[in-house]
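Protein chains get the first letters and strands the later ones, always in sequence-line order, with residue 1 at the start of each.
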Amino acid sequence: MTTASGDGTDKAFYVTTPIYYVNDAPHIGHAYTTVAGDVLTRWHRQRGEKVHFLTGTDEHGQKILQAADAHGMTPQEWCDHMVSTAWLPMLTSIDAANDDFIRTTQPRHTERVQEFWQRLYDQGEVYSGSYTGPYCIACEEFKVPGELIQPGDLCPIHTRPVEMLSETNYFFRLSYYADRLLEAYRSGEIRVEPESARNEVLRFVETGLNDISMSRSTFDWGIGVPWDPAHVIYVWIDALLNYWTAVEGSAEYWPADVHLVGKDILRFHAVIWPAMLMAAGLPLPKLVFANGWLLVGGEKMSKTKLTGIPPQRITDHFGSDAYRYYFLRELQFGQDGSFSWESMAARYQSELGDQLGNLASRLTSMVGRYRDGVLPDAVIDEGIAAAMVTARDDAEAAIDRLDFQSALAAVMTFVRIVNGYVTEREPWKVAKDDSRASELDAILYTTADALRAMAVLLNPVMPKACAKLWQQLGAPGELADARVQKVADEHLPAGSNVVKGDLLFPRLADEGTEA
RNA sequence: GGGGCGGUAGCUCAGCUGGUCAGAGCAGGGGACUCAUAAUCCCUGGGUCGCGAGUUCGAGCCUCGCCCGCCCCA
């Protein structure tokens, strides 16, 4: 468990988010997936593993071209603008520690995409054909006739008329891989989770696959098909490759350990993408995990209808730590979940302020008052030590299932236990009796050491607050170097300087409730 | 139309292969305490488990039908 990827090799634990379409304004749904990936990688880092976390932007396709035109820019200028003003700032606001940020317009991507498809073309995986059907420009997709809204043949997503389009383009023989895909799901060569997502994929592939068009010729904002300059590669077929191109296909990173995706793009990642890799003879990603939608006020946010909430609006008020905590604690990862400003405020105050933050205040204040800020020499209480082990074990197991909610619940249970311990042992009464000095020492030491463990276990989720806590406890060394596996074996040294610093999660003015 | 998933206490949700599975947290009510961010700790939950049938000795948990919500269907 302590080696790089758990299997004794040098391979990094490689996690990806979807690459986000630059035309969208970043909303909390995008940030949710990114936070999950970030916490997952930070957790593995806290184990001492080598990790690699990739996110980025998807920049080709007809919609980009249209948006650029509308703004009087070239497509590249438009993408540059969106990346620098919207997408990179989003990562900053949620405190994402991604190792790389790939853009599909970068040469490192476009050149490898062309090499990849040239290879498949040469191998006979691609053939020329034609397709005619109703096409929605906004979706950049052909629609199934039955799903159009009547009257008027409107796109069900955009409620705008579709156009009948006939294209001669290139097809990838996806159908050829149906059986091999099924075998890969069943053998566990590639896992698709949660179970609902796996079921969907299995049923879908079991009923047979159609070959898919991998090129477009009605516009030119895309990566050129290397053997036919009149075509560009279909944006999805281009975008999926980012996970591989970003790491140059290096065995140090590839295959990816986890692709985090939204449930709407599950099939691209669990069917088309692995088939592409099979065709190229490359290893498959180990896990595709689909998370659900964020509902706001009971309704889903829409990428295209601009009803999304920008993450900054929340982080400006609550801070990035609370933001990261809230979404992973409140929602069951993999299912749809609800966001509300009220529940965010309630979690913040109750769990972060009243339980965790206040516990730190209680301890630092008492060590200051009763022991002049010097941590006494004592041994940690056995019951608390046992609870610490339980919290760590439960959290570790949950993280391995990508069950962030349970992982955080496990740590918060520990916080509750320690608050209860302090209340029960009544150190403020013990302090009045000099003959009970060693008892007081034990209570203070136990509480301080429990807080130390909390800082380690919560650092992947709330790095800023945990750094503060680490410092207030006078803990030695770098928090980043504290191994989660050893959290119950290492202890604060006696004599540490404990200081009551700024509140970890101060009470916030009750504002912004209009959300 | 087809496929997948969900509909459990006021709110957000747990409930694995059917028999303490009717639960947790928050909110609300009562009490204790004062180290602390008016925080903490203890006690307190009687909700047709979407609706209607069925299988079973016994069903949120299985089957069928229906209603509602969400995702997907180059």
Side-chain angles (χ1 to χ4, degrees), chain A residues 129 131 133 135 139-147 156-157 167 169 171-172 174-175 194-207 209-214 234 236-237 262-268 270-272 290-295 298-300 326 329-332 334-340 342-370 403 405-406 409 412-413 415-432 440 443-444 447 500 502-508:
Chain A
Y131 179 81
Y135 184 89
C139 297
E140 293 185 39
E141 280 179 359
F142 283 98
K143 314 304 289 187
V144 173
E147 69 181 310
I157 295 172
E167 265 194 315
N169 45 36
F171 284 76
F172 168 55
L174 179 64
S175 59
E195 193 177 354
S196 56
R198 174 183 163 86
N199 289 342
E200 182 190 322
V201 168
L202 280 173
R203 288 302 93 71
F204 177 63
V205 178
E206 280 168 358
T207 58
L209 296 173
N210 294 318
D211 292 344
I212 61 167
S213 166
M214 54 75 61
Y234 174 44
W236 262 110
I237 298 298
K263 65 177 180 179
D264 53 325
I265 55 175
L266 174 64
R267 288 186 188 176
F268 288 101
V271 180
I272 298 173
N291 68 252
W293 287 115
L294 245 34
L295 307 179
E299 293 183 5
K300 67 164 181 167
Y326 171 78
R329 174 75 176 93
E330 176 83 7
L331 279 29
Q332 178 63 44
Q335 294 184 192
D336 290 353
S338 303
F339 166 82
S340 75
E342 291 74 14
S343 73
M344 168 98 219
R347 288 264 184 214
Y348 177 88
Q349 185 170 118
S350 166
E351 297 184 3
L352 297 182
D354 296 350
Q355 292 177 50
L356 177 61
N358 184 52
L359 178 61
S361 286
R362 302 175 82 181
L363 180 275
T364 54
S365 171
M366 285 191 283
V367 174
R369 178 185 295 218
Y370 305 135
D403 182 355
Q405 189 181 47
S406 295
M412 289 314 294
T413 295
V415 175
R416 275 172 196 279
I417 289 171
V418 177
N419 262 317
Y421 166 83
V422 173
T423 301
E424 225 170 90
R425 300 298 295 266
E426 302 179 308
W428 47 93
K429 285 185 180 171
V430 177
K432 289 174 181 165
L440 179 61
I443 298 168
L444 296 178
T447 307
K500 174 151 187 167
D502 295 339
L503 296 180
L504 262 29
F505 301 100
R507 285 183 93 75
L508 296 174

(message) Say we look at B/U56 and B/G19: how far apart would their C1' atoms be, to the nearest angstrom?
(response) 11 Å

(request) Could you measure between the two C1' atoms, the one in B/C51 and the one in B/U12, and give it in whole Å? (result) 24 Å

(request) Select one nucleotide: of B/C71, B/C35, B/U12, the one nearest the side-chain heavy atoms of A/Trp293. (result) B/C71

(request) Describe the nucleic acid contact of A/Phe505 in one word from base, sugar-phosphate, nothing, applying a heavy-atom distance below 4.0 Å. (result) base

(request) Between B/A9 and B/G47, how far apart are the C1' atoms? Round to whole Å, please. (result) 4 Å

(request) Using a 4.0 Å heavy-atom cut-off across all strands, classify A/Gly420 as base, sugar-phosphate, or nothing. (result) sugar-phosphate

(message) Measuring only the P atom in each nucleotide, how far is B/C41 from B/C26? A whole number of Å is fine.
(response) 9 Å

(message) By nearest atom, which of the nucleotides B/G3, B/A39, B/A36 is closest to the A/Asp354 side chain?
(response) B/A39

(request) Round to a whole Å and report the spacing from CG of A/Asn199 to C1' of B/C5. (result) 9 Å

(message) Would you compute the distance between atom CG of A/Leu503 and atom CG of A/Leu352 and round it to the nearest 0.5 angstrom?
(response) 13.0 Å

(message) Measuring only the C1' atom in each nucleotide, how far is B/G18 from B/G2? A whole number of Å is fine.
(response) 31 Å

(message) By the 4.0 Å heavy-atom rule, please label A/Ser343 as base, sugar-phosphate, or nothing.
(response) nothing

(message) What's the gap between B/G58 and B/G4 when it is taken at their P atoms, as a whole Å value?
(response) 30 Å

(request) Compare side-chain N and O positions of A/Asn419 against OP1 and OP2 of B/A39 and report whether any pair is under 4.0 Å apart. (result) no

(message) In the structure I gave you, are the side-chain heavy atoms of A/Arg329 and A/Met412 within less than 4.5 Å of one another anywhere?
(response) yes

(message) Applying a 4.0 Å non-hydrogen cut-off, can you work out what A/Ser361 is touching in the nucleic acid: base, sugar-phosphate, or nothing?
(response) base

(message) Does A/Gly292 reach a base, just sugar-phosphate, or nothing at all? Heavy atoms under 4.0 Å.
(response) nothing

(request) Give a yes/no answer on whether the side chain of A/Arg507 brings an N or O atom under 4.0 Å of OP1 or OP2 in B/A39. (result) yes

(message) What's A/Leu504 touching, base or sugar-phosphate or nothing? Going by heavy atoms closer than 4.0 Å.
(response) base

(message) I'd like to check A/Arg362 versus A/Thr423 (side-chain heavy atoms, cut-off strictly below 4.5 Å). Are they in contact?
(response) yes

(request) Taking only the side-chain heavy atoms of A/Arg267 (C-beta and beyond), determine which of B/U37, B/C72, B/U40 contains the nearest atom. (result) B/C72

(request) Classify the glycosidic conformation of B/G4 as syn or anti, calling it syn when the angle lies within 90° of 0. (result) anti

(request) For residues A/Asp354 and A/Gln349, determine if any side-chain heavy atom of one lies less than 4.5 Å from a side-chain heavy atom of the other. (result) yes

(message) Which nucleotide wins on minimum distance to the side chain of A/Glu200, given the candidates B/A38, B/C71, B/A14?
(response) B/C71

(message) Only pairs with both distances under 3.5 Å count, Watson-Crick or wobble alike; so what is the partner of B/G25 in this structure?
(response) B/C11

(message) What is the distance, to the nearest angstrom, from the CH2 atom on A/Trp236 to the C1' atom on B/C72?
(response) 12 Å

(message) How long is the straight-line distance from CZ of A/Phe268 back to CD1 of A/Ile237, given to the nearest 0.5 Å?
(response) 8.0 Å

(message) Measure CD/A/Glu342 against C1'/B/A27 and give the value in whole Å, please.
(response) 13 Å

(request) Looking only at side-chain atoms of A/Gln332, point me to the closest of B/U34, B/C26, B/C13. (result) B/C13

(message) Let me confirm one number: the CZ-OG1 distance from A/Arg425 to A/Thr447, rounded to the nearest 0.5 Å.
(response) 9.0 Å

(message) Tell me the interatomic distance from A/Glu424, atom CD, to B/G31, atom P, rounded to whole angstroms.
(response) 21 Å

(message) Side-chain N or O of A/Ser338 versus OP1/OP2 of B/C11: is the shortest distance under 4.0 Å?
(response) no

(message) Using Watson-Crick or G-U wobble geometry with both distances under 3.5 Å, which nucleotide pairs with B/G52?
(response) B/C64

(request) Please tell me if the side chains of A/Ile265 and A/Trp236 come closer than 4.5 Å, counting only heavy atoms from C-beta onward. (result) yes

(request) Could you please name the option among B/A14, B/U40, B/C35 that lies closest to any side-chain atom of A/Met366? (result) B/C35

(request) Determine the interatomic distance between C1' on B/U34 and the same-named atom on B/G50; round to the nearest Å. (result) 48 Å

(request) Report yes if a side-chain nitrogen or oxygen of A/Gln335 is closer than 4.0 Å to either non-bridging phosphate oxygen (OP1 or OP2) of B/A14; otherwise report no. (result) yes

(request) Rounded to the nearest angstrom, tell me the gap between atom CD in A/Glu426 and atom C1' in B/A36. (result) 15 Å

(message) Go nucleotide by nucleotide along RNA chain B from the 5' end; which of A/Gln355 and A/Tyr370 gets its closest nucleotide reached first?
(response) A/Tyr370

(request) State the pairing partner of B/G1; accept Watson-Crick or G-U wobble contacts with both distances under 3.5 Å, and report none otherwise. (result) B/C73

(request) State which of B/C35, B/C70, B/C5 makes the closest approach to the side chain of A/Arg362. (result) B/C35

(request) Send over the distance from A/Asp502 CG to B/A36 P, rounded to a whole Å. (result) 17 Å

(message) Only pairs with both distances under 3.5 Å count, Watson-Crick or wobble alike; so what is the partner of B/C35 in this structure?
(response) none

(message) Do the side chains of A/Glu195 and A/Arg198 get close enough for a salt bridge, i.e. N-O under 4.0 angstrom?
(response) no

(request) Measure the distance from CG on A/Asp403 to C1' on B/C16 and round it to the nearest whole Å. (result) 13 Å

(message) Heavy-atom nearest nucleotide on RNA chain B for A/Lys263 versus A/Leu356: which residue maps closer to 5'?
(response) A/Leu356

(request) Please tell me which of the listed nucleotides, B/U37, B/G25, B/C70, lies nearest to the side chain of A/Arg416? (result) B/G25

(message) Is the shortest side-chain heavy-atom distance between A/Val422 and A/Trp428 below 4.5 Å?
(response) yes

(message) Closest approach to the side chain of A/Arg369, judged atom by atom: which nucleotide of B/U37, B/A36, B/C72 is it?
(response) B/A36

(message) What is the distance, to the nearest angstrom, from the CG atom on A/Asn358 to the P atom on B/A38?
(response) 8 Å

(message) Would you say A/Lys432 places a side-chain N or O within less than 4.0 Å of OP1 or OP2 belonging to B/C35?
(response) no

(request) Sticking with atom P, work out how far B/G69 lies from B/C64, rounded to a whole angstrom. (result) 22 Å

